[in-house]
2 protein chains.
Amino acid sequence: MASDRAPVGRRSTRQRLAVLDALAEVDDFRSAQELHEYLRGKGDAVGLTTVYRTLAALAEADEVDVILREDGESIYRRCSGSHHHHLVCRECGRTVEVAGPTVETWAAAVGREHGFTDIRHTVELIGLCRDCSTPATS
Amino acid sequence: MASDRAPVGRRSTRQRLAVLDALAEVDDFRSAQELHEYLRGKGDAVGLTTVYRTLAALAEADEVDVILREDGESIYRRCSGSHHHHLVCRECGRTVEVAGPTVETWAAAVGREHGFTDIRHTVELIGLCRDCSTPATS
DNA sequence: CCTGTATTGACATTCATTTTCAATAAGACG
DNA sequence: CGTCTTATTGAAAATGAATGTCAATACAGG
Ligand SMILES: [Zn+2]
Ligand SMILES: [Zn+2]
Ligand SMILES: [Zn+2]
Ligand SMILES: [Zn+2]
């Protein structure tokens, strides 16, 4: 069944399944280090190197989203196939996926206007979710 | 004249002027390491630590723009005060500043729609400029 | 000039990510 | 099943950006 899920010369190993499981369980952005730690906690340990390699492969295959945190560390998340952006709460990390036809159009227009082609873009939104923006300390 | 250019307790040193000069000369995004190398080449050497410190201070004071390159390294550029985004050529690095009222509006709307407040955003465009998109090897 | 304090920079340190490479396991074939 | 080929793993070392340390130095005011 999973005919095109396993590119030629790609084997199915305990480690890869473990990383995929972890990504499914914590449906949220996590760094490679964090996932490695999480797996270790579950008793389902996977070498850090392998976590990095697996995530890189998944990102390459567009099976996960990668964004750069402000401190430069990459964080990964299992991701719906189609193109979209993220609205992330800077307090609790809650993430909402957002489709942005508006931005896509804008990006293309701006590029054309300046003679640029093959435009790609990075768009991330950061804010405070409803829960986290309450005045606090009741 | 430059009354508010030098915050209280900030001295004017050869090193700081050198970094500012460098930023003025290469009117383009450069990493701290690259600027350090550039200054060393000009014979106007400045310690790497100082380059980092100076850039951080300038960024803090909104005198330079900072963006995260895809490899996670921070790159800096002398910057016009008002808020804007960048359209960068992935080949030659040519940069165009772009004002994006469209995106600002979209970002605010999306945030509101999901109950988020205090929205900030990251928007960068990457493409090929006219020169670099020619079929090549003429 | 003198002096107090901000600043500098060589060096050490941290920490994410990558590289190395010998040991291991997946999967094909008989 | 065994066997063999090759992808995969992971511990340890290497890389490289960024930050911390701290004694030496230079700015600026008096
Ligand atoms: Zn929140
Ligand atoms: Zn988009
Ligand atoms: Zn903007
Ligand atoms: Zn170009």
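In the text below, chain A, chain B and the rest are named by the order of the sequence lines, each starting its count at 1.
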Give the nucleotide from the list [options] with an atom nearest to the side chain of [X].
X: B:Val46; options: C:dG9, D:dT8, D:dG10; result: C:dG9
X: B:Gln33; options: D:dA17, C:dT17, C:dG9; result: D:dA17
X: A:Thr49; options: C:dA16, C:dT20, D:dT21; result: C:dT20

Tell me: [atom1] of [X] to [atom2] of [N], nearest whole Å?
X: A:His36; N: D:dT9; atom1: NE2; atom2: P; result: 13 Å
X: A:Leu35; N: C:dA16; atom1: CG; atom2: C1'; result: 14 Å
X: A:Tyr52; N: D:dT9; atom1: OH; atom2: P; result: 16 Å
X: B:Leu17; N: D:dA26; atom1: CG; atom2: C1'; result: 13 Å
X: B:Glu73; N: D:dT19; atom1: CD; atom2: P; result: 12 Å
X: A:Glu70; N: C:dA16; atom1: CD; atom2: P; result: 17 Å
X: A:Arg14; N: C:dA25; atom1: CZ; atom2: C1'; result: 11 Å
X: A:Arg40; N: D:dG10; atom1: CZ; atom2: P; result: 11 Å

OP1, OP2 of [N] versus side-chain N and O of [X]: anything below 4.0 Å?
X: A:Arg16; N: D:dT8; result: yes
X: A:Gln15; N: D:dG10; result: yes
X: A:Arg11; N: D:dT5; result: no
X: B:Thr13; N: D:dC27; result: no

>> Go nucleotide by nucleotide along DNA chain D from the 5' end; which of B:Tyr76 and A:Ala45 gets its closest nucleotide reached first?
In response: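 It is A:Ala45, whose closest nucleotide lies nearer the 5' terminus.
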>> If you compare all heavy atoms of A:Gly111 against all heavy atoms of B:Leu87, which two are closest, and at what distance to 0.1 Å?
In response: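 Looks like CA-CD2, 4.2 Å.
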>> On a heavy-atom basis, which atom in A:Phe116 and which in B:Gly127 lie closest, and how many Å separate them?
In response: CD2-C, 4.0 Å
> Strictly by modelled atom types, are B:Gln33 and B:Tyr38 linked by a side-chain donor-acceptor pair under 3.5 Å?
Replying inline: no
> Are B:Ser31 and B:Glu73 close enough that a side-chain donor and a side-chain acceptor fall under 3.5 Å?
Replying inline: yes
>> Mind checking if B:Ser74 touches a base, just sugar-phosphate, or nothing, with heavy atoms under 4.0 Å?
In response: sugar-phosphate
> Want to settle it: does A:Ser12 or A:Gly72 sit nearer the 5' end of DNA chain C, counting the closest nucleotide to each?
Replying inline: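 This one resolves to A:Gly72.
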>> Tell me whether the rings of B:His85 and B:His121 are parallel (<30°), tilted (30 to 60°) or perpendicular (>60°).
In response: tilted
> Taking N and O atoms by type only, does the side chain of B:Arg53 place a donor or acceptor under 3.5 Å from a partner on the base of C:dG9?
Replying inline: yes
